[in-house]
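To keep things clear, I will list the structure first and then write my remarks on it.
All values derive from a computational prediction rather than experimental measurement. First listed ligand is number 1; within each ligand, the first listed atom is number 1.
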Amino acid sequence: MPRALITGITGQDGLYLSELLVAKGYEVYGLIRGQNNPKAEMVARTVPGVTVIAADLTDLSSLLRALQVAQPDEVYNLGAISFVAYSWEQAALTTDVTAKGVLNMLEAVRLYAGDDLTAGGNVRFYQASSSEMFGKVQQVPQNEATLLWPRSPYGVAKVFGHYMTINYRESYGMHASSGILFNHESPRRGPEFVTRKVSQAVAAIKLGRQDTLTMGNLEARRDWGFAGDYVDAMWRMLQQPAADDYVVATGVTHSIRDLLDVAFAVVDIQDWDRYVKQDPRFFRPAEVDLLIGDATKAREVLGWKPSVDFAALVTMMVESDLRAAAQGS
Ligand code: NDP
Ligand code: GDR
C-alpha cells in the first residue's frame with residue numbers, strides 16, 4: 001500500500017487530494033497545526049481513514065517527526081498562507097510559512113531519506129507553486145519557461161519555494177516536482193477568495209438574507225479551473241519516472257464581471273449591478289496581469305486535461321451554497 005504525507009490537508013486541495021489518494025488505495029497522513037485545531041475533526045469526517053499528525057511548516061523538527069511516523073513514498077507540500085491580499089498585511093509571516101516552510105519540508109525529507117535520497121531518491125516530493133509567480137506577466141499565455149515576476153509577498157514566497165524545489169532536485173537528485181497551478185476553485189474554497197465570496201453572497205441574496213455584495217477590482221481576470229481536476233495533476237506528476245515542473249491551467253480567462261454574470265444568472269438575476277458595490281478595501285496594492293496558462297506539457301506528458309469549464313464550476317459553487325444556506329449551515 002503506497003503511503004502519502006500531505007501538508008495543508010485541512011485546505012481545499014488537501015481534502016480533494018486525500019480523497020483521491022484514499023480512493024487509489026494509499027495510506028494517507030496529513031499535518032495539522034495548532035494545539036487544538038478544530039479542522040482536525042472536519043478532516044476525519046470528510047475523509048475517514050486519514051491519520052493526522054501535529055506539525056507546523058515553521059518547525060523543521062516537527063516535520064522530521066511527521067516523516068518518521070508516516071514513512072511516506074510521496075510528500076505533497078500544500079501548506080501555505082495562501083491568501084494573496086493577506087500576504088501584504090503579514091509579509092514576514094507569509095515568508096516564514098510559504099517560502100521558508102518549503103525549505104523546511106525539503107530539508108526534512110533530505111534528512112529523513114538520508115543516503116537513499118542521494119542514491120536517486122525514494123521519497124517523491126510535490127511543491128504547490130502558483131501562477132501568482134508570473135505576476136507582471138512577461139508572456140501570454142504563460143508556460144514553464146516564462147520569466148517569473150511576482151507582484152505580492154505571497155508571489156515572492158512562492159518563487160522561493162519553486163526555485164528551492166528545483167534546487168533540491170538538481171543538488172541532491174531528489175524526485176521533487178513543482179506544479180505551477182492556476183486558480184482552482186470548488187464548493188470547498190475558503191470564503192476569503194473571490195469565487196466563494198461571490199457564490200456564498202449570491203445564495204444569501206437569493207434567499208433574502210443579504211442585500212449587498214462588496215467587491216474590489218471587477219476588471220481583474222483569472223484562468224479558473226476545478227480543484228478536483230487539479231489534484232489529479234499533482235498525483236500524475238509524482239508518478240513520472242523523472243521529476244519536472246508543469247503548468248496546470250484551463251487556458252481560458254474570465255473577468256470578475258464574468259464571474260458575477262454567471263453566478264447571478266444561476267439564481268435568475270440579470271441586473272446584479274443593484275447588489276454589487278465596490279470598496280477600496282478590497283483592491284490590492286499591485287495586481288497581476290493577464291494570467292492565462294498554457295498546459296500543453298501537462299496534457300502531453302501527464303495526459304491531464306480539465307473536465308469542468310468556468311460556467312459549470314461557478315454553477316456548481318452557487319448551487320452548493322444554495323443548498324448549504326437552505327439547510328442553515
Ligand atoms: P488553503 O488556503 O485552502 O489551505 C492552506 C493550508 O495550509 C491549510 O491546510 C492550512 O492549515 C495550512 N497551513 C497554513 N499555515 C501552516 C503552517 N504554518 N504549517 C502547516 N500548515 C499550514 O489553500 P489551497 O488548498 O487552496 O491551496 C493549496 C496550496 O496550493 C497552497 O500552497 C496554495 O498556495 C497553492 N496554490 C493554490 C491555488 C488555488 O487556486 N487554490 C493555485 C496555486 C497554488 P489551517 O487550516 O490550519 O490554517
Ligand atoms: P488570487 O485569488 O489572488 O488569484 O489567489 P482571489 O480569489 O483572492 O482573487 C482573484 C482576483 O479577484 C479580485 N477581486 C477580489 N478578490 C477577493 N478575494 N475579494 C474580493 O472582494 C475581490 N474583488 C475583486 C482580486 O483583486 C484578484 O485579482 C488565488 C489563491 O488561491 C492563491 O493561493 C493561488 O496561488 C492563486 O489563486 C493562483
Inset, instruction - Using the side chain to side chain contact (heavy atoms under 4.5 Å, CB included) rule, pick out the option among Ile53, Leu31, Val50 that qualifies with Ile9. - result: Val50

Inset, instruction - For Tyr26 and Glu74, test the side chains for any donor-to-acceptor distance below 3.5 angstrom and give the result as yes or no. - result: yes

Inset, instruction - Look at atom 3 (O) of ligand 2 and find which of Glu185, Glu132, Arg196, Arg284 reaches it with the closest heavy atom. - result: Arg284

Legend entry - Top protein contact for atom 24 (C) of ligand 2, by heavy-atom distance: Asn217 O, 3.3 Å

Legend entry - Exercise: identify the closest heavy-atom pair between Glu132 and Arg222: OE2-NH2, 3.7 Å

Inset, instruction - Pick out which of Gln127, Glu144, His162 makes a side chain to side chain donor-acceptor pair (under 3.5 Å) with Ser178. - result: His162

Legend entry - Results of side-chain hydrogen bond (donor to acceptor under 3.5 Å, both in side chains) for Asp59 - residues two or more places apart only: Ser61

Inset, instruction - Taking the six-membered ring for Trp and the single ring otherwise, decide whether the centroids of Tyr230 and Trp304 are under 6.0 Å apart. - result: yes

Legend entry - Donor-acceptor side-chain pairing of Ser131 and Gln142 below 3.5 angstrom: no

Legend entry - Minimum-distance protein heavy atom relative to atom 5 (O) of ligand 2: Val84 CG2, 3.6 Å

Legend entry - Shortest protein heavy-atom distance from atom 20 (C) of ligand 2, along with the residue and atom involved: Lys197 NZ, 3.7 Å

Inset, instruction - Using heavy atoms and a cut-off under 4.0 Å, could you grab the residues that are in contact with ligand 1, chain by chain, numbers ascending? - result: Gly8, Ile9, Thr10, Gly11, Gln12, Asp13, Arg33, Asn37, Lys39, Asp56, Leu57, Leu78, Gly79, Ala80, Ser82, Val97, Ala128, Ser129, Ser130, Tyr154, Lys158, Leu181, Phe182, Asn183, His184, Arg189

Legend entry - Atoms in ligand 2 with a heavy atom of Tyr154 nearer than 4.0 Å: 32 (C), 33 (O), 34 (C), 35 (O)

Inset, instruction - Report the member of Gly190, Gly293, Ala220, Ser82 with the shortest heavy-atom distance to atom 30 (C) of ligand 2. - result: Ser82

Legend entry - Protein heavy-atom partner closest to atom 25 (C) of ligand 2 - residue, atom, separation in Å: Glu287 OE2, 3.5 Å

Inset, instruction - Compare Asp13, Ile180, Val194 and give the one whose heavy atom is closest to atom 15 (C) of ligand 2. - result: Val194

Inset, instruction - Taking atom types as modelled, find out whether Ser307 and Asp229 have a side-chain donor-acceptor pair closer than 3.5 angstrom. - result: yes

Inset, instruction - List every atom of ligand 2 that sits less than 4.0 Å from any heavy atom of Ser130, numbering the atoms from 1 in the order shown and giving each element. - result: 34 (C), 35 (O), 36 (C), 38 (C)

Legend entry - Shortest protein heavy-atom distance from atom 37 (O) of ligand 2, along with the residue and atom involved: Asn183 ND2, 3.0 Å

